[in-house]
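Only one structure is covered here, and it is reproduced in the block below.
Convention: sequence-line order gives letters A, B, ...; per-chain numbering from 1.
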Amino acid sequence: MKRYNPSEIEPKWQRIWADDARYRADNESTKPKYYITGMFPYPSGAGMHAGHFMEHSIVDAVARFRRSLGYEVLYPMGWDSFGLPAENYAIKTGKTPQETTATNIANFKNQLQRVGASIDWSREINTTDPEYYRWTQWIFTKLFERGLAYQKDSLQWWCPKDKTVLANEQVIGGRCWRCEEVVVKKPMKQWFFKITEYADQLLEDIPALDWPEKIKSAQINWIGRSEGAEITFQIAEQLESGASEENITVFSTRPDTIFGATFLVLAPEHSLARHLAVGDARSAVLAYIDEAVKKSDIERTNDNKDKTGVFTGSYAINPATGEKVPIWIADYVLGGYGTGAVMAVPAHDERDFAFAEKFELPIIKVVERPETDSGVDSCYHGEGVLVNSGAFNGTRSEDAREQIVAWLEQEGRGTPKVTYKMRDWLISRQRYWGAPIPIIHCPEHGAVPVPARDLPVLLPEVRDFQPRGDGKSVLAAQEQWIQTTCPVCGGPARRETDTMDGYACSSWYLLRYTDPHNNEQAWDPTVTNYWAPLDMYVGGDHATAHLLYVRFWTHVFRDLGLTDFAEPVHKLVYHGLIQAEDGRKMSKSLGNVVDPLEVIDAGYGADALRTFELFLGPIDENSSWSSRGIAGVYRFLNRLWTLVQEFDDWRNDSQAVESTAVTHLDSVVHATIKKVTGDIHRLSFNTAIASLMECVNDLYKLKTQGFSNDWQQALEKLIQLVQPFAPHMAAELWQQLGHNDQLDFVDWPQWDDAKIISDTRVVVVQVNGKLRATLEVAQEISDTDIKQLALDDDNVRRYVKTEPKKIIIVKGKLINIVV
RNA sequence: GCGCGAGUGGCGGAAUUGGUAGACGCGAGGGACUUAAAAUCCCUUGACCAAAAGUCGUGCGGGUUCGAUUCCCGCCUUGCGCACCA
């Protein structure tokens with residue numbers, strides 16, 4: 001009898017799987033395909049912790065399950081390896097990002113191999129590989145040609161001391177988060193992807209996605225579609241300083257409240273803001289604008305609720321009432337949303353109300369609060385009947401919405417309009433470690449995309465990664481690299497020196513996996529249409545960033561004729577986090593990280609680790625690591641192992657006697673097959689593993705009757721069921737029971753309902769819904785007989801003294817006697 | 001503030017369509033084996049009651065139903081996402 005020793009059997013099987021490239025996916029297969037993977041990792045220096053392994057435990061279990069069901073499974077892996085951490089690490093250590101990235105990838109790959117993930121390594125990809133980013137760049141040029149990649153001047157945060165651009169989140173209280181220098185805003189020309197053009201399509205496709213509600217609603221929220229109208233307010237006075245416009249256009253979702261619009265508010269960034277400042281107010285307005293523009297968005301929203309603003313001295317005409325209304329500037333209006341200007345209706349909008357109260361502006365009620373509404377606030381934002389609204393008095397606000405817009409449209413003062421919260425995707429990065437934007441700036445022809453034949457635009461190797469300080473990436477110092485010729489006219493031209501956001505690289509990798517070695521094109525549509533879209537995509541991050549971008553790009557690919565499908569992922573599995581044993585997030589700085597290789601090497605092995613991660617709880621909820629819990633799972637695997645050893649010893653013992661007393665063996669095993677199969681289908685791994693444990697416990701009890709030859713098949717089936725969770729042990733035991741074939745591809749066991757059913761069943765007897773007895777009755781018993789048996793039961797009789805009013809029978813399960 | 005989840009023993013969790021609440025695991029208690037310990041195996045384990053019988057029990061308060069962890073209404077707590085988006 002062999003002891004269970006994972007440190008011996010796991011390397012053995014990992015070697016076998018690697019040697020015969022067992023998990024290579026075949027493009028030409030005649031089997032049905034199943035394409036599954038997890039979100040590819042960023043290969044950091046820290047390596048993966050036990051929490052990261054959750055994703056691979058899920059993907060590998062499903063991949064192995066699907067293989068057994070007869071699918072051709074594609075489970076690839078790759079590396080999202082461009083990005084800031086590698087670059088910062090390079091600055092600190094003097095190593096190049098190329099070197100550190102290679103080291104980290106080797107480490108990650110080793111970790112994945114040591115858990116026995118059934119990955120097709122022949123399809124490994126790496127976003128920093130020029131053969132990969134060549135096509136990222138090619139896609140950029142395609143977007144550019146379609147008008148979906150464009151340049152725009154926008155304000156960026158700039159730290160004069162660190163000489164670098166900062167993200168909004170890196171500006172705290174107007175100061176740099178690193179050196180606390182006061183930051184300034186600097187206008188910079190940046191590259192954007194026009195995701196807003198796909199806002200409606202991305203929104204419309206959401207209901208049909210087999211994705212968690214949580215993610216779907218996060219995306220709906222993020223896109224933030226609002227239906228309303230743009231309404232034009234004429235400026236009352238002639239503007240002195242030659243402003244380009246004489247009108248102010250506002251966006252409103254409540255055009256029905258226009259009769260209550262008692263003032264206008266413009267964002268400080270509004271193009272007319274300075275021009276409107278007249279008379280005594282002028283200097284105060286200009287000061288306010290300067291101050292507001294300096295504040296970060298975070299400050300402007302977090303300083304919150306306490307409204308600030310200034311009156312410009314100018315007025316506009318409310319197109320509905322004809323009244324003059326004052327024009328204010330206030331930073332509670334956002335420059336980047338709608339038109340950057342709003343009509344303020346203080347009676348029916350809380351923000352406008354707070355502002356009006358503070359600055360003593362008129363408040364006119366135009367929607368009557370229904371009597372059924374119990375609220376008493378002086379500001380009411382619900383629906384109701386219009387008042388103080390001229391010809392529209394008495395109209396319901398829902399109806400008035402359309403009627404008023406129609407009327408304004410007739411007058412040439414308004415038009416229906418849909419607006420989105422989502423902004424275009426800013427993809428320029430002034431950092432080194434990214435894919436160069438494949439654009440050549442020609443004095444004659446402007447921004448020209450690099451032709452496909454000249455791709456990739458290689459990232460030059462440099463020595464100094466420190467950002468230079470003039471708002472450009474270190475590539476701007478590579479004068480030789482920059483100088484080139486215009487692809488259109490052949491004249492001298494200069495390369496774009498910004499790199500692309502890493503999210504660009506990860507927006508198409510799922511398609512590259514299907515055809516990773518293609519050096520003629522990004523992918524062959526025939527191959528890609530065979531594998532993609534993904535049947536299952538597993539991850540626990542990026543609800544609105546990556547998962548929105550990858551949908552956006554795939555929609556574009558479809559429109560370009562590069563794919564047949566617009567949605568890249570059929571089913572999304574969004575798993576929870578595994579927190580540390582102390583209930584906090586696992587992190588290096590907290591010192592609570594569980595290293596998976598240490599767990600494996602401590603003797604538990606990869607099988608116990610994987611099984612435990614899936615046993616912790618439902619995969620979509622957070623859970624906490626438990627060093628005691630993994631011992632419990634290890635105990636279970638050990639019990640299964642021992643059981644097979646004991647059977648094997650019996651089998652090989654020539655003196656062994658076959659027991660004739662064995663009962664229920666089939667019933668136990670077939671019930672387990674049924675339960676485990678159903679549970680894996682619905683991704684309820686914790687209950688699948690629980691029923692495997694239950695099955696082993698039951699077999700220990702049956703074992704006391706002695707073994708028989710029937711046990712061979714029973715144990716084989718059990719081993720097959722365990723395989724998705726503990727593949728090394730399963731392979732070893734399979735071999736020990738006399739098989740030389742590959743367990744991975746052996747058909748998943750079938751159950752037979754007839755074998756599960758026993759001669760008797762348990763029926764619960766309730767009186768008035770309370771449990772009073774349980775009866776063991778024959779399988780085929782009639783309702784009449786059940787009723788009689790129930791009523792004859794001693795304990796039931798104590799509660800049923802009179803003729804029952806009603807008797808409810810749930811076939812084969814329960815009888816409830818109502819008295 | 002808005003949106004989406006969640007709340008069940010000492011702990012992680014189960015109950016798939018409204019039908020025995022607490023599967024499975026951890027922990028705890030007891031026993032077997034052992035010189036002893038570890039490991040292993042067996043039994044017990046929601047609360048109250050000596051126990052049978054029973055009563056109570058799924059965040060709180062109502063409701064629908066023969067029957068509610070499950071459905072409905074109103075709260076509380078908590079996680080996540082968005083957040084002055086007009």
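Under the 4.5 Å side-chain criterion, counting only non-hydrogen atoms from C-beta, A:F263 is not in contact with A:F359.
A:E694 comes within contact range of the sugar-phosphate backbone alone, with a heavy-atom separation under 4.0 Å but no base atom that close. Among the atoms of the strands shown, none is found under 4.0 Å from any heavy atom of A:K674. In this structure, A:L616 reaches the sugar-phosphate backbone alone: every heavy-atom distance under 4.0 Å involves primed, P, OP1 or OP2 atoms, never a base. Across all strands shown, A:N697 has heavy atoms under 4.0 Å from sugar-phosphate atoms exclusively, and none from any base. Residue-level contact check: A:S217 touches the backbone only, with heavy atoms under 4.0 Å from sugar-phosphate atoms and none from bases. A:K805 comes within 4.0 angstrom of no nucleic acid atom, judged by non-hydrogen atoms across all strands. As judged by a 4.0 angstrom heavy-atom cut-off over every strand, A:P618 is placed among residues touching the sugar-phosphate backbone only. Note on A:V818: only backbone sugar-phosphate atoms sit closer than 4.0 angstrom, heavy atoms only; bases stay farther off. Residue contacts shown for A:A543 are absent, as no nucleic acid heavy atom lies under 4.0 Å away. A:G338 comes within contact range of no nucleotide atom at all, as no heavy-atom separation falls under 4.0 Å. Using a 4.0 Å heavy-atom distance criterion, A:N686 is classed as a sugar-phosphate-only contact. Here A:R772 lies in heavy-atom contact (under 4.0 Å) with sugar-phosphate atoms only. Using a 4.0 Å heavy-atom distance criterion, A:R635 is classed as a sugar-phosphate-only contact. When heavy atoms are screened at a 4.0 angstrom cut-off, A:T253 is found touching the sugar-phosphate backbone but no base atom.
For the pair A:K214 NZ and B:rG81 P, the computed distance is 8 Å after rounding to whole Å. For the pair A:N622 CG and B:rU78 C1', the computed distance is 12 Å after rounding to whole Å. Atom OH of A:Y700 and atom C1' of B:rC24 are 16 Å apart (whole Å). In this structure, A:D620 places its CG atom 11 Å from P of B:rG13, rounding to the nearest Å. The distance from atom CD1 of A:I630 to atom P of B:rC24 is 21 Å, rounded to the nearest whole Å. Across the protein-nucleic acid pair, A:N795 atom CG and B:rU20 atom P stand 18 Å apart, rounded to whole Å. Remark: P of B:rG1 and CG of A:D352 are 19 Å apart, rounded to the nearest angstrom. Counting to the nearest Å, the P atom of B:rA38 and the OH atom of A:Y634 are 17 Å from each other.
Using atom P as the reference point in both B:rA39 and B:rC48, the two lie 30 Å apart (nearest Å). Comparing the P positions of B:rG79 and B:rG13 gives a spacing of 15 Å, expressed to the nearest Å. A gap of 24 Å separates the P atoms of B:rC75 and B:rU65, to the nearest Å. Spacing of P atoms, B:rA83 relative to B:rG12, comes out at 32 Å, to the nearest Å. B:rA15 and B:rC49 have their C1' atoms separated by 28 Å, with the value rounded to a whole Å. Of the C1' atoms belonging to B:rU77 and B:rC26, the separation is 26 Å, rounded to the nearest Å. Distance check on atom P: B:rU70 versus B:rG9 gives 15 Å, rounded to whole Å. Here the separation of B:rA14 from B:rG46, taken at their C1' atoms, is 15 Å to the nearest Å.
For the atom pair OG1 of A:T253 and CZ of A:R401, the computed distance is 7.5 Å after rounding to the nearest 0.5 Å. Atom OG of residue A:S691 and atom CG of residue A:N697 lie 11.5 Å apart, to the nearest 0.5 angstrom. A distance of 7.0 Å separates CG in A:L721 from OG1 in A:T672, rounded to the nearest 0.5 Å.
A:Y634 places no side-chain N or O within 3.5 Å of a backbone atom of A:F612 that could act as its donor or acceptor partner.
In the set B:rC84, B:rG19, B:rU16, B:rG19 carries the atom at the smallest distance from any side-chain atom of A:K813. When distances run from any side-chain atom of A:E213 to the nucleotides B:rC4, B:rG81, B:rG27, the shortest one goes to B:rC4.
If you check B:rA50 for Watson-Crick or wobble pairing at under 3.5 angstrom, you find it has no partner at all. Base pairing analysis places B:rA6 opposite B:rU77; the two distances defining the Watson-Crick or G-U wobble pair are each below 3.5 Å. When both pairing distances are held under 3.5 Å, B:rA68 makes no Watson-Crick or G-U pair with any nucleotide shown. Across every strand in view, B:rU45 sits in a pair with B:rG27 that passes the Watson-Crick or G-U test at under 3.5 angstrom.
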For this session: List the steps, then state whether side-chain contact (heavy atoms from CB on, under 4.5 Å) holds for A:H270 with A:V265.
Result: CA-CA 10 Å; A:H270 196 282; A:V265 188; over 6 Å; no

For this session: Before giving the answer on side-chain contact (heavy atoms from CB on, under 4.5 Å), spell out for A:F647 and A:D649 the whole-Å C-alpha distance, their side-chain angles and the decisive distance to 0.1 Å.
Result: CA-CA 5 Å; A:F647 170 74; A:D649 288 350; over 6 Å; no

For this session: Please lay out, stage by stage, how A:R3 and A:Q645 fare under the test side chain to side chain donor-acceptor pair (under 3.5 Å).
Result: CA-CA 9 Å; A:R3 265 192 60 229; A:Q645 300 311 313; over 6 Å; no

